[in-house]
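Inspection log for the structure reproduced underneath, given as structure tokens.
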Amino acid sequence: MTRIAQYLGILLVTLGACKKDETVAAYGAADQIWQVVEVDGMAFPATASLTFPQTGIVSGSAPCNQFSAELQTPYPWFELSAIKMTKRACPDLAAETTFIEALADMTLVEVLEDTMILSTPEGRSILFKSAAKTPQ
């Protein structure tokens with residue numbers, strides 16, 4: 001009986017190792033700092049960025065606060081869990097609200113070299129440009 005348990009344990013470990021990242025990070029978005037350029041076709045008036053620090057995680061900087069969420073769908077879909085944020089105020093709070101509300105609505109993602117576009121079927125979008133490689 002213990003030999004069967006050993007084989008089952010090895011099988012479970014092996015299957016777990018085969019799990020592949022199917023999120024946008026595996027399709028060109030990892031190891032980049034994505035800087036917000038436009039929200040809904042309008043130039044973004046503040047500084048905000050997005051990264052994919054580990055499988056299934058999105059984090060970043062909004063104009064006033066840091067945020068993170070879980071990415072719950074495979075590429076090209078984009079669905080975040082509830083966005084967790086710090087709670088600081090600053091003069092760019094209106095821009096931050098615009099960005100975070102748009103980010104929460106996004107359902108699709110496309111990565112083309114140094115450009116990433118998040119969008120919805122209704123026509124909303126966030127345009128990002130790769131600003132730099134993330135530190136390893």
Side-chain angles (χ1 to χ4, degrees):
M1 192 67 153
T2 58
R3 186 154 313 284
I4 292 173
Q6 287 176 334
Y7 288 129
L8 284 175
I10 291 169
L11 179 63
L12 289 174
V13 168
T14 303
L15 289 175
C18 292
K19 186 177 179 185
K20 183 179 175 195
D21 182 5
E22 292 292 331
T23 67
V24 65
Y27 290 86
D31 304 326
Q32 302 289 321
I33 298 172
W34 296 96
Q35 200 74 32
V36 177
V37 177
E38 294 179 358
V39 175
D40 295 330
M42 304 288 289
F44 192 65
T47 300
S49 63
L50 186 99
T51 63
F52 300 91
Q54 61 188 24
T55 302
I57 301 294
V58 173
S59 67
S61 298
C64 304
N65 292 284
Q66 304 297 311
F67 66 90
S68 67
E70 291 181 20
L71 185 56
Q72 301 181 319
T73 53
Y75 187 82
W77 309 109
F78 190 87
E79 181 182 338
L80 298 179
S81 65
I83 298 171
K84 300 173 190 154
M85 295 187 70
T86 56
K87 296 183 187 220
R88 293 185 306 224
C90 77
D92 291 325
L93 201 51
E96 176 170 288
T97 300
T98 298
F99 168 60
I100 294 298
E101 286 177 355
L103 184 63
D105 285 347
M106 298 297 116
T107 58
L108 295 167
V109 60
E110 185 174 3
V111 178
L112 301 165
E113 296 179 9
D114 70 340
T115 303
M116 181 172 68
I117 302 168
L118 300 179
S119 62
T120 69
E122 297 78 29
R124 297 200 72 195
S125 65
I126 304 175
L127 173 67
F128 295 84
K129 286 289 188 177
S130 176
K133 294 272 187 189
T134 56
Q136 297 295 323

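Along the sequence shown, the residues carry numbers beginning at 1. It should be emphasised that the depicted structure is a prediction, and the values quoted were computed from it without experimental measurement.
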Under a 4.5 Å side-chain heavy-atom rule over Ile, Leu, Val, Met, Phe, Trp and Tyr, are [X] and [Y] clustered together?
X: L108; Y: V111; answer: no
X: L93; Y: I126; answer: no
X: I100; Y: M106; answer: yes
X: I83; Y: V39; answer: yes

Query raised in the report: Is there side-chain contact between V58 and F52, with at least one heavy-atom pair below 4.5 Å?
Result: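 In short, these two side chains touch, coming nearer than 4.5 Å.
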
Query raised in the report: Taking S81 for the side chain and E70 for the main chain, is one N or O donor matched with an acceptor at less than 3.5 Å?
Result: yes

Query raised in the report: Short question: side chain of Q35, backbone of A48 - any donor-acceptor pair under 3.5 Å?
Result: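 Yes; judged by distance alone, with no hydrogens or angles, the pair exists.
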
Requested in this report: Among residues two or more places apart or on two chains, list those pairs meeting disulfide bond (SG atoms under 2.5 Å apart) that have a residue in residues 89-132.
Outcome: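 As it turns out, the disulfide bond (SG atoms under 2.5 Å apart) pairs with a partner in residues 89-132, which skip direct neighbours, are C64-C90.
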
Query - Closest heavy-atom pair and its distance - A95, P45 - result: CB-CG, 4.1 Å

Report summary line: Heavy atoms of E79 and T73 approach each other most closely as N-OG1, 3.1 Å

Supply the members, apart from [X], of the Ile/Leu/Val/Met/Phe/Trp/Tyr cluster built from side-chain contacts under 4.5 Å; use none for a lone residue.
X: L112; answer: none
X: M42; answer: none
X: I57; answer: none

Could you list the residues that satisfy side-chain hydrogen bond (donor to acceptor under 3.5 Å, both in side chains) with [X], not counting sequence neighbours?
X: T115; answer: K129
X: Q66; answer: S61
X: S68; answer: none
X: S119; answer: none

Query raised in the report: What pairs meet the side chain to side chain donor-acceptor pair (under 3.5 Å) rule with one or both residues in residues 88-107, with sequence neighbours excluded?
Result: N65-E96, D105-R124

Requested in this report: Go through the steps for L103 and L50 under the test side chain to side chain contact (heavy atoms under 4.5 Å, CB included), then give the verdict.
Outcome: CA-CA 10 Å; L103 184 63; L50 186 99; 4.2 Å; yes

To the nearest 0.5 angstrom, please state how far the [atom1] atom of [X] sits from the [atom2] atom of [Y].
X: S59; Y: Q54; atom1: OG; atom2: CD; answer: 8.5 Å
X: L127; Y: L118; atom1: CG; atom2: CG; answer: 9.5 Å
X: S130; Y: W34; atom1: OG; atom2: CH2; answer: 5.0 Å

Query raised in the report: Pairs in or reaching into residues 58-89: which pass ring pair (Phe, Tyr, Trp, His ring centres under 6.0 Å), with residues at least two apart or in two chains?
Result: Y27-Y75, F67-F99

